[in-house]
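We use all heavy atoms of the structure for the numbers below, so side chains are in, but hydrogens, waters and symmetry mates are not. Since the model is a prediction, treat every value here as computed from it, not as a measurement. Letters go in sequence order (proteins before strands), and every chain restarts at 1.
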Number of protein chains: 2
Amino acid sequence: MATIQEVAKKAGVSVATVSRVLNKHTVVNAKTRAKVEKVIKELNYEPSMLGRNLRNSESKLLLVVIPSIANPFYTEIVDGIQETAISNGYHILLCETNSNPEREATYFGMIKNRMADGVICMDPAVNKQKLFELAEKYPIVQCSDYDKGSNIPYVTIDSELAAYHAVRHLIKIGHKRIAMINTDERILYARERRAGYERALKEFGIPLDEELIFHTMDIDFNDGQQAMRSLLEVKDVPTAAFAVSDVLAIGALKEINNNGLKVPNDIALIGFDKLSFSNMTYPALTTVAQPMFKMGSLAAAMLIQKIQGKKVENIVLEHELVLREST
Amino acid sequence: MATIQEVAKKAGVSVATVSRVLNKHTVVNAKTRAKVEKVIKELNYEPSMLGRNLRNSESKLLLVVIPSIANPFYTEIVDGIQETAISNGYHILLCETNSNPEREATYFGMIKNRMADGVICMDPAVNKQKLFELAEKYPIVQCSDYDKGSNIPYVTIDSELAAYHAVRHLIKIGHKRIAMINTDERILYARERRAGYERALKEFGIPLDEELIFHTMDIDFNDGQQAMRSLLEVKDVPTAAFAVSDVLAIGALKEINNNGLKVPNDIALIGFDKLSFSNMTYPALTTVAQPMFKMGSLAAAMLIQKIQGKKVENIVLEHELVLREST
DNA sequence: CTGAAAGCGCTAACAG
DNA sequence: CTGTTAGCGCTTTCAG
């Protein structure tokens, strides 16, 4: 492992000069530069990021905190983050909390100990108090999930409006008994989507029936399946269901099929997110598209701006109703 | 940002002593330790990993190279890697190549420049020549994909045998026209799974029909769908299909459904991997389970062993045929 | 345009 | 048990 010292010695220059040719931008005599570059090649020299990072007190790493990598929603966001990060000379440190507070503490430690230059937090279950404290001293942005009161910048969508659009669609095609498969309402977007659901019902004079609202513990196929199992036992069975995630909708679809019922004739179904596999179910799932990749990409750009000390503005992206076969 | 210097000064000890209380294991007088720990709390001191890493010439980061994070197969492996990495004080640096050689070069650079202590390579399309060169100087392990000739340690399954089991199952339930949805045969597992497919056919005296073997470009739902579209146009339509990935099988299933055909009656279908989604299709997919999480976990453990300079042995894990509704 | 020297924050001999 | 010191590999003044 050649070091900058060895390159300097062999090229007959000082380490400062080698550093200069490494870091472009500074003026170096063409001949000197050529000589140094030649030696760099000969020695197969690669500058050590450890040295550089200590000196510059930066790590060029972005912490990405998600609940679970198994959820494809985050997968597509991470994809977007990655693209922007890399094109700006950063890399991603992926962190799953799995709703484990200890892990969360570990990750928050990583920004304090300089392992990461900033964090993109996408875990709705994170300890908000600690997050806010952290955000006062370090660059942090939120993505998808966010907190209204805080001054942590975020990129997200208008969940209330998106849910309203989804439910209105269901109503317009004739449904009145519309179930909602929601997740834990401690999560902001769950509350917002419920508000959108209620607004649509109210607007069309449909009474709210608490029996039709199911809250899942988590966001997994099984949770969706369980929700539908429950909903099918309600005396006046719903004719349509709105799930706040395609993952839940797909689980629900499975349960409907298992009961010998047909989508959309017996029950219409609408999901959320437009995950790639929502188009592979049979029937294909109608859903509310979220621009996940773009969201991730913008969140990364926003974070990098913050790291550079620039001001940033919150971003609310557009959603889109994608009509397919399940409604 | 307090440094070790400030802690030392305020506690009235030397930096060496502070370092000692930080790094346990060394003997420090109980009183001194208490005093130092008190100051550490007061100052909210967090040791800088940048300094520590430079000094120890390590980064405590593991490079994980995958083709695409969108493929749920890798997702579950990464989950396993993460668990083991974290419990050993490492973190993962996630890298998608997207079959982009430039990115690949960037990632390989990261081990050379000390940003990572080792790499778990899962990209079958990686430049093997470069990979082998790298493996001579740095700790590298392969996971799922591997290379027979090389001396890069790996953890994988017996793909030939797994494919043989899958196809034999199809034959035993009465099928003779069995299609194979394979991926690019430049990839080792694709060749191995084809060998297993052929072995099963031969064993039961079924002639090989090249028309029934489709090669996809990539591993995406669309590729599976396209494969089945093609297969349905063969004059003597197959009555069963073996796909080398659940993702491909799910795409194929979609196409079968689109054509008004029924699985398993018109066409039986078997996938590979046992992705969580494979149980949510209708009908649920019969598949060959791979222990993805364990694979990732073992690969991480293996890599950490290598980093510590220990010898490691290749690992071949068991697969399992999971009978569900699609056959 | 180039070199000498300081120092980022930490750990690990080596003495005492 | 504790302090002194050197140095990990790099960038960046400051002189020249």
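Under the side chain to side chain contact (heavy atoms under 4.5 Å, CB included) criterion, B:Asn314 pairs with B:Pro153, B:Tyr154, not counting sequence neighbours. With sequence neighbours excluded, no residue satisfies side chain to side chain contact (heavy atoms under 4.5 Å, CB included) with B:Ala34. Contacts of A:Asn127 classified as side-chain hydrogen bond (donor to acceptor under 3.5 Å, both in side chains), with partners at least two apart in sequence or in another chain: none. In this view, B:Glu318 satisfies the side chain to side chain contact (heavy atoms under 4.5 Å, CB included) rule with no residue, not counting sequence neighbours. Shown here are the side chain to side chain contact (heavy atoms under 4.5 Å, CB included) partners of B:Arg114, two or more places apart in sequence or in another chain: A:Met1, A:Ser48, A:Leu50.
Backbone-only contact: B:Ser48 has heavy atoms under 4.0 Å from sugar-phosphate atoms and none from a base. Contacts of B:Leu54 with the nucleic acid, taken as non-hydrogen atoms under 4.0 Å apart, include base atoms.
A side-chain hydrogen bond (donor to acceptor under 3.5 Å, both in side chains) check over residues 94-103 of chain A, counting only residues at least two apart or in different chains, returns the pairs A:Glu96-B:Gln82, A:Thr97-A:Asp123. Within the structure, every pair that satisfies the side-chain hydrogen bond (donor to acceptor under 3.5 Å, both in side chains) test and touches residues 59-74 of chain B, not counting sequence neighbours, is listed here: B:Ser59-B:Asp117. Sorted by first and then second residue, the side-chain hydrogen bond (donor to acceptor under 3.5 Å, both in side chains) pairs with a member in residues 31-42 of chain A read A:Lys10-A:Glu42, A:Lys38-A:Glu42; sequence neighbours excluded.
Of all nucleotides in DNA chain C, those with any atom nearer than 4.0 Å to a heavy atom of chain A start and finish, going 5' to 3', at C:dC1 to C:dG9.
Atom pair A:Lys9:NZ and D:dG9:P shows a separation of 13 Å (rounding to whole Å applied). For the pair A:Gln5 CD and D:dC10 P, the interatomic distance rounds to 8 Å; values are reported in whole Å. What separates CG of B:Asn29 from P of D:dG3 is a distance of 11 Å, to the nearest Å. Rounded to whole angstrom, the span from the NZ atom of B:Lys35 across to the P atom of D:dC1 amounts to 15 Å. Summarising the geometry, the separation between CE on A:Met49 and P on D:dC10 is reported as 10 Å, rounded to the nearest angstrom.
Dense packing is recorded around CD of B:Gln308, with more than 12 heavy atoms of other residues, nucleotides or ligands lying under 6.0 Å away.
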In the 5'-to-3' direction, what one-character label does each nucleotide of nucleotides 11-16 of chain D receive under the scheme B = base within less than 4.0 Å of a protein heavy atom, S = sugar-phosphate only, - = no such atom?
BBB---
Please tabulate, for the side chains in residues 129-145 of chain B, all donor-acceptor contacts under 3.5 angstrom to protein atoms that are two or more places apart in sequence or on a different chain.
residue  : atom : partner  : partner atom : Å
B:Gln142 : OE1  : B:Asp147 : N            : 3.2
B:Gln142 : NE2  : B:Asp147 : OD2          : 2.9
B:Asp145 : OD2  : B:Lys128 : NZ           : 2.9

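Recorded end-axis angle for the helix from C:dC1-D:dG16 to C:dG16-D:dC1 stands at 40°, based on five pairs per end and rounded to 10 degrees.
Under a 3.5 Å cut-off, the side chain of B:Ser87 and the backbone N or O of B:Glu83 do form a donor-acceptor pair.
Taking the nucleotide of DNA chain D with the nearest heavy atom to each of B:Val13 and A:Met1, the more 5' of the two is matched to B:Val13.
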